[in-house]
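Working notes, structure below.
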Amino acid sequence: MPEKKRRFKAKIAGETYTIVGPRSEKHMQVVAQTVDEQLTQLQQMTKGLDSEKRAMLMAINAVSDQVEMKKKVIKLEERIKELEEKLS
């Protein structure tokens, strides 16, 4: 059964966005705040870049983090499997 989609308004880098998804409002607030903070940091570090290029850098950073987390999850799943096999 599909999850109910919620609408959430977020202010990121001075712009208002409507985010639609199944996550809780608290989750959306944390995500929006994190994106806003990271964009602010990027803006301070890359004064000469336009907002589109900053957004691309944010996407690259996010995907890079996601890839690293996926590697960690796979290692943890392998470790759990090893421990389960030892217990059997």
Side-chain angles (χ1 to χ4, degrees):
M1 185 171 199
E3 292 184 59
K4 181 181 176 194
K5 301 230 181 209
R6 296 175 180 88
R7 297 174 76 77
F8 174 76
K9 290 212 183 273
K11 194 155 198 156
I12 300 170
E15 297 287 328
T16 301
Y17 295 89
T18 300
I19 303 168
V20 179
R23 305 281 194 238
S24 71
E25 184 170 338
K26 179 66 176 166
H27 176 86
M28 301 289 215
Q29 287 173 341
V30 170
V31 169
Q33 182 180 355
T34 302
V35 170
D36 187 55
E37 289 170 0
Q38 289 182 1
L39 271 174
T40 299
Q41 287 177 343
L42 224 90
Q43 188 174 17
Q44 292 168 352
M45 293 171 20
T46 58
K47 298 265 187 223
L49 290 183
D50 62 29
S51 59
E52 185 177 336
K53 286 191 172 39
R54 284 189 191 110
M56 184 58 69
L57 287 175
M58 281 278 300
I60 291 167
N61 289 340
V63 171
S64 176
D65 290 347
Q66 184 179 2
V67 168
E68 286 302 311
M69 288 303 217
K70 183 67 176 172
K71 286 179 189 177
K72 289 178 183 180
V73 167
I74 290 169
K75 283 183 182 180
L76 287 171
E77 288 172 341
E78 289 170 355
R79 182 69 178 134
I80 289 169
K81 188 175 179 181
E82 289 172 11
L83 292 172
E84 286 176 340
E85 288 172 0
K86 285 183 181 180
L87 291 174
S88 302

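For the single chain, residues carry numbers from 1 onward in sequence order. Everything numeric in this text was worked out from a predicted model, so none of it was measured.
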Do E37 and Q41 have a side chain donor and acceptor closer than 3.5 Å?
-> no

Nearest 0.5 Å, what's the CD-CZ distance between E84 and R79?
-> 11.5 Å

Other cluster members, Y17 - Ile/Leu/Val/Met/Phe/Trp/Tyr, side-chain contacts below 4.5 Å | I12, V31, V35, L39, L42, L49, L57, M58

Pairwise salt bridge (charged side-chain N to carboxylate O under 4.0 Å, His left out) hits with a residue in residues 66-77, at least two apart | E68-K71

Rounded to the nearest 0.5 Å, how far does CD1 of I80 lie from CG of L76?
-> 6.0 Å

Could you tell me which non-hydrogen atom of K11 sits nearest to which non-hydrogen atom of G14, and how far apart they are?
-> CE-O, 3.6 Å

For residues 49-66, the side chain to side chain donor-acceptor pair (under 3.5 Å) pairs (sequence neighbours left out) are T46-R54

Any donor-acceptor pair under 3.5 Å linking the side chain of R6 with the backbone of P22?
-> yes

Which heavy atom of M28 sits nearest a heavy atom of V20, and at what distance?
-> CE-C, 4.2 Å

Minimal heavy-atom distance between A13 and D36, with the atoms involved, is N-OD1, 2.7 Å

